[in-house]
Trainee: 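Right, I'll just put the structure down here and ask away after.
These figures come from a predicted structure and were not determined experimentally. All values below come from the heavy atoms of this structure, side chains included, with hydrogens, waters and symmetry mates left out. For reference, positions follow the sequence shown, starting with 1.
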Amino acid sequence: MRGLGKSRRTSRAVTVGLCAAAFAAALTATPAQAHEAEKAAHWALKDSGSDVRFRGLSAVSRDTAWVAGAKGTVLRTTDGGASWRNVSPPGAADLEFRDIEAFDARRAVVLAIGEGEASRVFRTDDGGATWTESFRNTDAKAFYDCLTFFDRRHGLAMSDPVDGRFRILSTSDGGRSWKVLPSDGMPAAQDGEAGFAASGQCLVSAGSHDAWLATGGGAHARVLHSTDRGVTWKAAETPIPAGDPARGVFALAFRDRAHGLAVGGDYRADQASPQAAALTPDGGRTWASAVQPPPAYRSGVAWLPHSRTSALAVGPTGTDLTTDGGRTWRTLDTGSYDTVDCTPDLGCWASGEKGRVARLER
């Protein structure tokens with residue numbers, strides 16, 4: 001039986017690998033093949049039945065995804081977006097959900113943002129039929145932006161600086177309870193520095209202990225890196241422009257402990273966003289500007305499944321693709337999306353304003 005099981009796993013891995021190669025090929029067509037590429041790989045809109053803005057997204061598979069957004073709204077699909085179930089926590093209509101992390105079709109943790117008690121965390125274990133409020137912020141100076149999980153038990157949440165340092169929450173029981181970590185290991189924040197609750201990707205993780213935190217608003221757009229689940233952090237400057245409350249790094253994606261992408265810019269529609277993307281080969285110690293960045297502000301980014309070089313970046317004015325690890329980007333789509341997430345079984349999802357949710361099809 002063990003041999004049979006291994007054979008099945010190997011066969012499935014080969015199948016997924018072949019599908020991934022075809023998937024990547026469809027996305028990485030040359031400019032001369034642009035028309036065919038658009039037909040081969042494109043965002044297919046799914047009718048969410050809602051008109052709220054979904055900045056929170058967690059893709060579980062090609063079939064299952066969760067979105068979270070304004071007016072305390074949480075939706076879930078288990079049939080590839082053909083239908084959506086409203087599984088919003090009761091009494092949450094006044095809350096702004098900006099991040100959701102799902103472990104499967106039944107278990108998820110969602111973050112509401114805002115000053116003071118507006119920042120809350122809820123968890124469900126039954127697909128959203130019931131929710132438990134597991135954290136409510138009581139510090140008027142705190143404003144929580146993002147969540148991330150290393151595994152099904154260990155996770156972090158981040159707040160804008162309190163008393164001059166970013167604040168970190170930690171959980172070791174899957175989000176059922178939280179504690180504020182000591183701030184001793186957190187570098188001092190710059191004047192005006194904060195995180196952006198734009199896509200649920202201002203705090204991300206890779207592996208069992210590494211986490212990265214994205215900032216803007218200060219003199220420099222920075223990325224802070226922790227190798228011990230949020231206890232201590234080191235800061236590095238990025239070339240993405242900052243120096244204004246509307247500018248900085250809005251989203252991060254790491255495909256492993258070393259290789260990461262950062263996107264952002266200026267979220268104001270009437271402002272240009274040069275150098276809106278950067279990349280790192282060393283876990284965030286150093287960052288380099290993209291040679292050919294996205295043409296405008298981008299708020300979400302995700303590596304394509306089973307690819308070491310390809311990723312998608314999304315924003316209000318379009319979706320861009322890189323096939324060389326973030327050095328150059330080209331526009332694939334001009335639809336408006338705030339965030340993007342991909343799964344190992346080749347499921348890539350995006351969500352954004354006016355209830356927009358889409359899955360990448362080929």
Side-chain angles (χ1 to χ4, degrees), residues 46-61 63-140 142-149 152-153 155-159 169-180 197-203 338-339 341 349-357:
K46 308 295 180 180
D47 184 4
S48 70
S50 175
D51 62 357
V52 307
R53 191 165 199 160
F54 291 117
R55 293 185 183 271
L57 165 67
S58 186
V60 176
S61 68
D63 293 327
T64 300
W66 301 65
V67 291
K71 301 179 182 178
T73 306
V74 178
L75 305 184
R76 183 192 63 152
T77 183
T78 56
D79 56 12
S83 63
W84 294 85
R85 181 181 176 187
N86 189 327
V87 295
S88 307
D94 293 333
L95 299 178
E96 284 283 329
F97 290 136
R98 294 293 180 91
D99 198 357
I100 186 165
E101 302 292 331
F103 307 115
D104 50 40
R106 297 183 61 79
R107 292 173 287 184
V109 178
V110 64
L111 170 73
I113 68 157
E115 296 178 350
E117 293 192 2
S119 285
R120 306 180 195 182
V121 178
F122 299 82
R123 176 180 166 113
T124 182
D125 290 296
D126 53 15
T130 61
W131 293 85
T132 300
E133 183 181 305
S134 59
F135 173 77
R136 183 180 297 206
N137 175 48
T138 58
D139 190 331
F143 185 116
Y144 286 85
D145 299 293
C146 290
L147 290 167
T148 192
F149 276 84
R152 291 174 180 263
R153 294 173 52 210
L156 303 174
M158 63 154 283
S159 163
L169 276 183
S170 175
T171 180
S172 58
D173 55 12
R176 295 178 179 87
S177 65
W178 298 83
K179 65 178 181 180
V180 176
S199 60
Q201 296 178 322
C202 58
L203 178 67
D338 292 314
T339 188
D341 194 18
W349 295 80
S351 65
E353 64 179 348
K354 300 178 181 178
R356 287 170 61 90
V357 184

Trainee: Would the distance check show the side chain of Arg55 and the main-chain N or O of Ala198 forming a donor-acceptor pair, the cut-off being under 3.5 Å?
Mentor: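 It does hold such a pair.
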
Trainee: To the nearest 0.5 Å, what is the distance between CH2 (Trp131) and OG (Ser88)?
Mentor: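 Reported value, rounded in 0.5 Å steps: 8.5 Å.
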
Trainee: Check the surroundings of atom CD in Glu133: do more than 12 heavy atoms from other residues, nucleotides or ligands lie under 6.0 Å from it?
Mentor: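 Yes - once you tally the heavy atoms of other residues, nucleotides and ligands closer than 6.0 Å, there are more than 12.
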
Trainee: Heavy atoms only: give me the nearest Thr130-Asp126 pair and the separation to one decimal.
Mentor: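 The pair with the smallest heavy-atom distance is OG1-OD2, 2.5 Å.
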
Trainee: What distance do Leu111 atom CG and Thr148 atom OG1 have between them, rounded to the nearest 0.5 Å?
Mentor: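 The CG atom of Leu111 sits 12.0 Å away from the OG1 atom of Thr148.
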
Trainee: State, to 0.1 Å, how close Val67 and Ser351 come at their nearest heavy-atom pair, and which atoms those are.
Mentor: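 Looking at all heavy atoms of both residues, the shortest contact is CG1-CB, 4.1 Å.
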
Trainee: For Tyr144 and Ser119, work out which heavy atoms get closest and say how close.
Mentor: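 Shortest heavy-atom contact: N-OG, 3.1 Å.
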
Trainee: Could you tell me which non-hydrogen atom of Val74 sits nearest to which non-hydrogen atom of Ala68, and how far apart they are?
Mentor: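 Of all heavy-atom pairs spanning Val74 and Ala68, the closest is CG2-CB, 4.3 Å.
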
Trainee: Rounded to the nearest 0.5 Å, how far does OG1 of Thr78 lie from CZ of Arg85?
Mentor: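 Spacing of CZ (Arg85) from OG1 (Thr78) equals 9.5 Å.
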
Trainee: Contact between Thr339 and Phe54 at the side-chain level, heavy atoms closer than 4.5 Å - yes or no?
Mentor: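 Contact flag for Thr339/Phe54 side chains = no.
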
Trainee: Working to the nearest 0.5 Å, report the span between CZ of Arg98 and CG of Leu57.
Mentor: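 Taking CZ in Arg98 and CG in Leu57, the distance rounds to 14.5 Å.
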
Trainee: Work out which heavy atom in Asp104 is nearest to a heavy atom in Trp66; give both atom names and the distance.
Mentor: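 In terms of heavy atoms, the two residues are closest at O-NE1, 3.1 Å.
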
Trainee: Can you tell me how far apart CD1 (Ile113) and OG (Ser159) are? Round to the nearest 0.5 Å.
Mentor: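 Reported value, rounded in 0.5 Å steps: 11.0 Å.
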
Trainee: Would you say the side chain of Thr171 lies within less than 4.5 Å of the side chain of Asp173, judging by non-hydrogen atoms?
Mentor: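 The answer is yes; the side chains approach within 4.5 Å.
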
Trainee: Considering all heavy atoms of both residues, which atom of Gly355 and which atom of Ser48 are nearest to each other, and what is their separation?
Mentor: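 Taking every non-hydrogen atom into account, O-OG, 2.8 Å.
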
Trainee: Just wondering, more than 12 heavy atoms not from Asp94 lying within 6.0 Å of its CG?
Mentor: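 Incorrect, the count does not exceed 12.
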
Trainee: What I want to find out is whether Arg176 reaches Asp125 closely enough, with some N-O distance under 4.0 Å, to be called a salt bridge.
Mentor: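 Looking at Asp125 together with Arg176, the answer is yes, because their closest N to O distance falls below 4.0 Å.
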
Trainee: Trp84 pairs by side-chain contact (heavy atoms from CB on, under 4.5 Å) with which of Thr77, Asp79, Asp47?
Mentor: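 Testing each of Thr77, Asp79, Asp47 against Trp84, the sole residue satisfying side-chain contact (heavy atoms from CB on, under 4.5 Å) is Thr77.
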
Trainee: Checking Trp349 side chain against Ser61 main chain: does a donor-acceptor pair fall under 3.5 Å?
Mentor: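 Yes: the side chain of Trp349 pairs with the backbone of Ser61.
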
Trainee: So do the side chains of Val121 and Val109 get within less than 4.5 Å of each other, counting heavy atoms only?
Mentor: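 Touching, per the 4.5 Å side-chain cut-off.
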
Trainee: Could you state the interatomic distance from CZ (Arg120) to OG (Ser134), rounded to the nearest 0.5 Å?
Mentor: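 Going from the CZ atom of Arg120 to the OG atom of Ser134 covers 12.0 Å.
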
